[in-house]
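The structure appears right after this line, and notes come after that.
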Amino acid sequence: MTKALTALPWAVVSPQEPVVDLASARPPILDLPDLPAAQQPEWPDRAALAAVEQEIRGLPPLVFAAECDALKAQAAAAARGEAFWLQGGDCAETFGGATADAIRAKLKTLLQMAVVLTYAASVPVVKVGRIAGQFAKPRSSGMETRDGVSLPAYRGDAVNGLAFTPESRVPDPRRLVQVYNTSAATLNLVRAFTQGGFADLRQAHEWNKGFVRDGGATQRYEQLAGEIDRAIKFLRAVGADNPSLHRVDLWTSHEALLIEYERALTRIDSRTGTPYDTSAHFLWIGERTRQLDGAHVDLLARVRNPIGVKLGPTTSPDDALALIERLDPEREPGRLTFVTRMGAGRIREALPPLVEKVTASGAQVLWVCDPMHGNTIEAGGVKTRRFHDVVDEVHGFFDVHRALGTVPGGLHVELTGDDVTECIGGAAGLAEPDLVLRYETACDPRLNHQQSLELAFLVAEMLGER
Ligand code: PEP
Ligand code: CO
């Protein structure tokens with residue numbers, strides 16, 4: 001009797017027999033070569049990391065491959081100047097920060113910026129959040145020292161804790177499962193808000209009128225807001241009503257940094273039989289991990305998502321061309337975005353040779369300006385950025401593309417919907433002593449709600465001339 005039972009596949013297995021774990025039987029979708037991977041945590045327990053990777057491999061994808069293709073088509077439109085790319089969100093999302101209020105405020109900020117930019121550019125704005133997955137950070141130093149005590153640097157909630165204690169700073173692979181869960185919950189709310197009526201165009205414009213009324217704006221913005229107001233009233237008067245006025249697409253993106261996590265969420269698309277990294281719609285490689293022979297370039301070369309690479313001021317034209325060769329050998333429209341982050345003082349010299357050579361090569365990349373990462377300074381004991389430098393870099397970006405006859409295709413910013421005090425300057429005149437008032441970022445300083453809208457109004461003026 002006992003014998004017959006154990007012969008059945010669903011029989012209870014005795015403790016002596018090995019337990020067959022179905023998840024661990026799942027083969028990896030990407031059998032990656034063993035290449036050097038920069039900026040990886042020193043995981044103390046590799047077996048625990050492997051087990052987590054297996055576990056995540058058994059979970060559903062976060063996005064659908066066809067969505068990634070739709071975004072790729074929109075990136076291609078932005079590269080041609082037929083759309084404008086707006087990408088923004090936290091430098092580092094945190095598990096604790098994924099509250100309904102914070103997600104709503106970020107979304108609201110992006111939508112408010114998008115209304116202004118859409119009107120100014122007279123083309124669709126492609127809205128991409130640094131959201132629902134932006135939990136891992138590259139660091140310039142592996143260690144952090146405070147008052148003579150050195151501990152491993154914080155690498156994002158995906159890896160370790162922000163608290164400056166030895167226990168909190170130990171990399172813990174279980175956090176990757178929490179990245180997945182927090183991303184899923186965030187994405188779920190984003191989808192509900194953007195499809196469920198929160199993202200109504202008229203509503204976003206009403207918020208902007210509030211911003212103008214509350215003195216957040218100068219006369220120049222008031223005039224632009226007034227024009228948008230008349231355009232919306234006109235739409236209403238002629239009875240123009242269309243689902244696109246009530247709903248938006250908000251795409252997700254993050255830096256593809258942790259190889260095991262990205263690999264675990266890479267799946268074969270049932271329509272095409274090709275791999276997509278389903279952790280987000282759009283993935284980018286950072287300035288510190290774009291080595292041509294490294295694991296990050298190899299990983300993104302294999303997946304079919306639209307992808308980006310950050311390019312800092314030391315990038316040579318040959319580096320850019322080699323990245324195109326590796327990541328977009330077919331020259332697929334919308335496939336590759338170059339996010340330049342040169343610094344306000346360098347963009348006017350550093351960007352033209354890159355754009356010239358890339359354009360001459362026949363590649364059609366989307367050029368996006370990140371005016372944040374080249375403009376970080378230390379002040380009052382914290383990292384900050386001057387609003388003036390941020391605006392100046394965007395100006396330089398538009399100037400360079402205008403001079404070369406190429407397309408300034410978009411903007412990539414670190415922002416939050418909250419009234420934090422992390423960047424100095426802007427119409428409210430935030431100054432260095434104000435930084436202590438509400439400095440909350442887990443990593444780099446973000447534009448607050450008002451500074452983000454101000455930037456949108458200023459970029460609107462530049463776009464008007466595009
Ligand atoms: C970032 O976008 O937060 C970042 C680290 O950027 P970069 O790779 O350009 O330094
Ligand atoms: Co950052």
Side-chain angles (χ1 to χ4, degrees), residues 37-41 85-94 97 106 128-142 144 153-159 162 179 252-258 262 280 282-292 294-297 299-300 307-315 319-320 323 327 336-344 346-347 350-351 354 367-378 382-386 389-390 393-394 397 410-416 420 422-423 439-448 451-452 455:
Q39 293 285 342
Q40 300 305 289
W85 180 272
L86 171 65
Q87 187 172 16
D90 297 298
C91 179
E93 290 182 276
T94 60
K106 268 181 269 189
V128 187
R130 285 176 65 114
I131 200 166
Q134 177 55 22
F135 293 98
K137 300 307 301 172
R139 302 315 306 248
S140 42
S141 167
E144 180 183 349
Y154 171 66
R155 290 187 174 272
D157 274 13
V159 175
L162 183 57
V179 168
T252 61
S253 72
H254 62 259
E255 176 172 351
L257 184 67
L258 300 175
E262 303 303 336
F282 178 90
L283 295 148
W284 77 86
I285 320 180
E287 164 73 355
R288 297 170 187 78
T289 51
R290 58 176 173 77
Q291 300 80 7
L292 285 168
H296 295 89
V297 166
L299 173 77
L300 287 203
I307 58 169
V309 185
K310 296 280 205 92
L311 301 180
T314 59
T315 315
D319 293 339
L323 283 164
L327 295 170
L336 184 59
T337 295
F338 278 152
V339 183
T340 62
R341 28 87 86 222
M342 303 294 179
R346 310 204 38 191
I347 183 156
L351 186 56
L354 296 185
W367 293 101
V368 168
C369 175
D370 165 358
M372 315 299 293
H373 288 89
N375 296 308
T376 314
I377 55 168
E378 285 248 352
V382 291
K383 281 201 281 186
T384 186
R385 290 158 175 159
R386 288 192 198 91
D389 292 339
V390 170
E393 178 154 358
V394 184
F397 176 77
L411 192 63
H412 178 124
V413 280
E414 288 183 341
L415 58 78
T416 164
V420 299
E422 298 170 5
C423 292
Y439 192 93
E440 295 177 359
T441 183
C443 196
D444 290 339
R446 305 159 295 179
L447 299 177
N448 63 24
Q451 290 165 331
S452 302
L455 179 64

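Just so you know, residue 1 is the first one in the sequence shown, and it goes up from there. In each ligand, atom 1 is the first atom listed, and ligand 1 is the first ligand listed. Being a predicted model, the structure only gives us computed values, none of them experimental. Worth knowing before you read on, the calculation uses all heavy atoms, side chains too, and leaves out hydrogens, waters and symmetry mates.
- For Thr315, the side-chain hydrogen bond (donor to acceptor under 3.5 Å, both in side chains) partners two or more places apart in sequence, or in a different chain, are Arg290.
- Between Arg385 and the choices Glu414, Gln451, Glu393, the side chain to side chain donor-acceptor pair (under 3.5 Å) rule is met once, by Glu414.
- Side-chain atoms of Gln39 come within 3.5 Å of backbone N or O of Arg139 as a donor-acceptor pair.
- Here the N, O or S atom of Glu414 that is nearest to the Co ion (ligand 2) is OE2.
- Taking all atoms of both residues into account, the shortest heavy-atom contact from Asp319 to Thr314 is OD2-O, 4.2 Å.
- Taking 2.8 Å as the criterion, Cys443 does not count as a coordinating residue of the Co ion (ligand 2), since none of its N, O or S atoms falls below it.
- The side-chain contact (heavy atoms from CB on, under 4.5 Å) with Met342 is formed by just one residue from the set Ile347, Asp370, Asn375; it is Ile347.
- With contacts defined as side-chain heavy-atom distances shorter than 4.5 Å, the pair Arg130/His412 qualifies.
- The aromatic rings of Trp367 and Phe338 lie tilted to each other, with the angle between the two planes from 30° to 60°.
- The Co ion (ligand 2) lies at the vertex of an angle of 90° between the NE2 atom of His373 and the OD2 atom of Asp444 (rounded to 10°).
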May I have every N or O pair linking ligand 1 to the protein at under 3.5 Å, one per line with atom names and distance?
unit_1: ligand 1; atom_1: 2 (O); unit_2: Arg130; atom_2: NH1; d: 2.8
unit_1: ligand 1; atom_1: 2 (O); unit_2: Arg130; atom_2: NH2; d: 3.3
unit_1: ligand 1; atom_1: 2 (O); unit_2: Lys310; atom_2: NZ; d: 2.7
unit_1: ligand 1; atom_1: 2 (O); unit_2: His373; atom_2: NE2; d: 3.4
unit_1: ligand 1; atom_1: 3 (O); unit_2: Arg130; atom_2: NH2; d: 2.9
unit_1: ligand 1; atom_1: 3 (O); unit_2: Lys137; atom_2: NZ; d: 2.7
unit_1: ligand 1; atom_1: 3 (O); unit_2: His373; atom_2: NE2; d: 2.9
unit_1: ligand 1; atom_1: 3 (O); unit_2: Glu414; atom_2: OE2; d: 3.0
unit_1: ligand 1; atom_1: 6 (O); unit_2: Lys310; atom_2: NZ; d: 2.8
unit_1: ligand 1; atom_1: 8 (O); unit_2: Glu287; atom_2: N; d: 2.9
unit_1: ligand 1; atom_1: 9 (O); unit_2: Lys310; atom_2: NZ; d: 2.9
unit_1: ligand 1; atom_1: 9 (O); unit_2: Arg341; atom_2: NE; d: 2.7
unit_1: ligand 1; atom_1: 10 (O); unit_2: Arg288; atom_2: NH1; d: 3.0
unit_1: ligand 1; atom_1: 10 (O); unit_2: Arg341; atom_2: NH2; d: 2.8

